[in-house]
Each structure stands twice: as C-alpha cells, then as structure tokens.
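The structure under discussion appears below in the form of structure tokens.
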Amino acid sequence: MPELPEVETTRRGLEPLLRDRRIVTLEVRDPRLRWPVPTGLATQLAGATIRGLTRRAKYLLLDTSQGGILLHLGMSGSLRHCSPDTPLRKHDHLRLQLDDGFEIRLHDPRRFGCCLPLPPPPEVHPLLARLGPEPLGSNFDGATLFHHGRGRRGPVKGFIMDQAVVVGVGNIYATEALFLAGIRPGRAAGRVTRREYDRLARHIREVLEEAITQGGTTLRDFLREDGSHGYFGQSLRVYGRAGEPCPTCGNTLRNRVIAQRASAYCPACQR
DNA sequence: CTTTAGGCCTGACGGC
DNA sequence: TGCCGTCAGGCCTAAA
C-alpha cells in the first residue's frame, strides 16, 4: 500500500538505474489496471532513451525521448529491478526491458495502479492538473491549510487527505500526524485554529520525512521484494492500534470511521 | 463550491 | 479442510 514515502523511495532507488538507459521493449503482460494500459504504448516506447524519473503526489513520471509515462502504484503496486530470468509472478503486469540486460517489473495484484501516456506538458494532464501542493515542498505550511480550510465543515482528517488540499497524505500518515498535532480526526476543518494547523503541517512533513529516511535503509529490500514488508518498519504510534494504550498518556486509543476510513485517536491527547 | 457514496480489485482473515 | 462474507486501501467519478 504505497503511500508517498514508499513512492519516493521507489523513485530514488530506480532513478539511477533508469537514467540514460534505452528501453529495448515494454512487454504488457496484463493491461488490466485501473485504466487499461493503452495498446500502442509498447510501440511508442520501443527504443526510447529514459531521461529521468520524477514524482508528483503519488504518481511517478517517467520521461523518455519518445514521450512521458504516468505510473501509479495504487494500493498494492510495486516496481522491482531484476534480471530477465527472475521467475515471473502472478500479477506481474509490465516488463520494461532495458539495454543493460536488466528490467523493471510492475507488480499489482489489486490493479488500482495505472500506466498511461503522459503528453507534455505533464502538469496539465487531467490526473495531475488539480493536485494541491507537495507536503515536502516550500509552498505547504500551516497558513495554506488554514486558509484553504475556511468554511469547511467536513472532518479535518478528510480535509488533509484531499488531494486538492495537499497531496500524498494517505490514511496512515493522516492518522499519525493528527495524533502528533493533538487534533481529533473528526474535528471540522474550519474549526481548527491557525496554531493547530501550523503544528499539523509540521507533523505531516515530519512523519513523511521520517518514513522516507527509514525507507532509504531498507531500499534494497524494497526494490527486490514486493513492498509488502510494511511501512519500512516505521513505528506507527496510533494507526491500527485502537484498543491499545496511548503511547503518550496511556489512555485506551479509540477507533472511529472518519471520511470512510478507520481512524485511531487518543481521546485524551487529541482535542 | 463542498461533501458523500459507490466502485474498482485481490488477499487475508474469521466464522462456520 | 473448505467455503464464504467482510474488510482494507487510493482515488476517480457521479450524485447530493
């Protein structure tokens, strides 16, 4: 279940392996993803030189001399770098064969991911056009959240998971950041104070950066395995721990469904 | 405009 | 042991 740190770690791991490589073939073994992998994509990419691999939100953008590619890992997707004689697995959808004899495989059992052409300029693509600021970028802070949150009656947790507000904050890191900021996930976004949004923005950045840092230490595993080893072993303080004691005060953590997602919180620490 | 619900999928899990 | 219902999760899309 790649969240932003996993996607960024994947990008950092793969970028040096892909840059300046030539694509020999793209084999579409199973085009059934969130949207079908277009027929003709393989032909378009054959012989292309890879210029780079960047990230926007949880999307990976592969830039080549013969056009861009937009990748999303959805819920269960992963990319691995391996040699062609590595046994193929069920749900290996794509093989991107490189001129150095290695290949990249997209593995995605639940098929929520995608692989689509990305015509220039990338930022106008419908899937990218309405995205909010990057949480690790310079134009994301408490002021942004506060101003965007004016008049919002929905829960703050759903608000920060809204890709138009800030990208890349999934259920896990939203839960963790709200705990660290001392804000209950069910609070109306419009009722969270400026000071609280400052804390929240800081903690969103913090939990994501912490996860990326830890991701770097397990990068080798991440690229070779299927990404199912969990969140880099990052110590999650409250996510998935309803019923357990709060790591700060010892009160029993509760669970509520907020914005259609399980939300653990401490009734004492979070207000 | 905001907010909510539905849908897409498979694998893991629990109950019988 | 096997079958089946439920759940998880990102995020688009339609509808309220």
| query | Separation of A:Lys90 atom NZ from B:dA12 atom C1', in whole Å? | reply | 13 Å

| query | Does A:Thr25 reach the main-chain N or O of A:Ile23 with its side chain, forming a donor-acceptor pair under 3.5 Å? | reply | no

| request: In whole angstrom, give the distance that lies between atom CD1 of A:Ile172 and atom P of C:dG10. | output: 7 Å

| note | Looking only at heavy atoms, the pair that brings A:Arg205 and A:Leu136 closest together is NH1-O, 3.4 Å

| task | Report yes or no: is there a donor-acceptor pair, N or O only, under 3.5 Å between the side chain of A:Arg261 and the base of C:dA8? | result | no

| query | Between atom CZ in A:Arg150 and atom P in B:dC1, what is the gap in whole Å? | reply | 19 Å

Between protein and nucleic acid, restricted to nucleotides 2-5 of chain B and to nitrogen or oxygen atoms under 3.5 Å apart, what atom pairs and distances do you find?
unit_1: B:dT3; atom_1: OP1; unit_2: A:Arg153; atom_2: N; d: 2.4
unit_1: B:dT3; atom_1: OP1; unit_2: A:Gly154; atom_2: N; d: 2.7
unit_1: B:dT3; atom_1: OP2; unit_2: A:Arg152; atom_2: NE; d: 3.4
unit_1: B:dT3; atom_1: OP2; unit_2: A:Arg152; atom_2: NH1; d: 2.8
unit_1: B:dA5; atom_1: OP2; unit_2: A:Gln260; atom_2: OE1; d: 3.1

For residues 161-170 of chain A, which side-chain donor-acceptor pairs fall under 3.5 Å, sequence neighbours excluded?
unit_1: A:Asp162; atom_1: OD1; unit_2: A:Ala164; atom_2: N; d: 2.9

| task | Specify the closest pair of heavy atoms between A:Pro185 and A:Pro155, including all atoms of both residues, with the distance to one decimal. | result | O-CB, 3.5 Å

| query | Just to confirm, is there a sub-4.0 Å distance from OP1 or OP2 of B:dG11 to any side-chain nitrogen or oxygen of A:His91? | reply | yes

| field | Nearest-angstrom distance from the residue atom CZ of A:Arg56 to C1' of C:dC11 | value | 15 Å

| remark: Between A:Cys115 and A:Leu33 the two heavy atoms that sit nearest each other are N-CD1, 4.0 Å

| field | Under 5.5 Å and under 30°: A:Phe112 stacked on C:dC11 | value | no

| query | Do A:Asp92 and A:His107 meet the criterion of a side-chain donor-acceptor pair at a distance under 3.5 Å? | reply | yes

| task | For B:dT10, take OP1 and OP2 only and decide whether either is under 4.0 Å from a side-chain N or O of A:Arg111. | result | yes

| task | Establish, with yes or no, whether the OP1 or OP2 oxygen of C:dG10 is under 4.0 angstrom from a side-chain nitrogen or oxygen of A:Tyr173. | result | no

| For the pair made of CG in A:Leu73 and P in C:dC12, what is the distance, rounded to whole Å? | 14 Å

| field | Over 12 foreign heavy atoms within 6.0 Å of CZ, A:Arg150 | value | yes

| query | Does the side chain of A:Arg32 get closer than 4.0 angstrom to OP1 or OP2 of B:dC8 through an N or O atom? | reply | no

| query | To the nearest angstrom, how far is A:Arg110 atom CZ from C:dG10 atom P? | reply | 11 Å

| said: Whole angstroms only, please: what is the CG-C1' distance between A:Leu71 and C:dG10? | reply: 16 Å

| request: Could you state the atom-to-atom distance from CE of A:Met75 to C1' of C:dG10 in whole Å? | output: 7 Å

Can you check nucleotides 13-16 of chain C for protein contacts, nitrogen or oxygen pairs under 3.5 Å, and list what you find?
none

| remark: For A:Arg237 and A:Glu176 the tightest heavy-atom approach is N-OE1, 2.7 Å

| request: Give a yes or no on whether A:Arg194 atom CZ has more than 12 heavy-atom contacts from other residues, nucleotides or ligands under 6.0 Å away. | output: yes

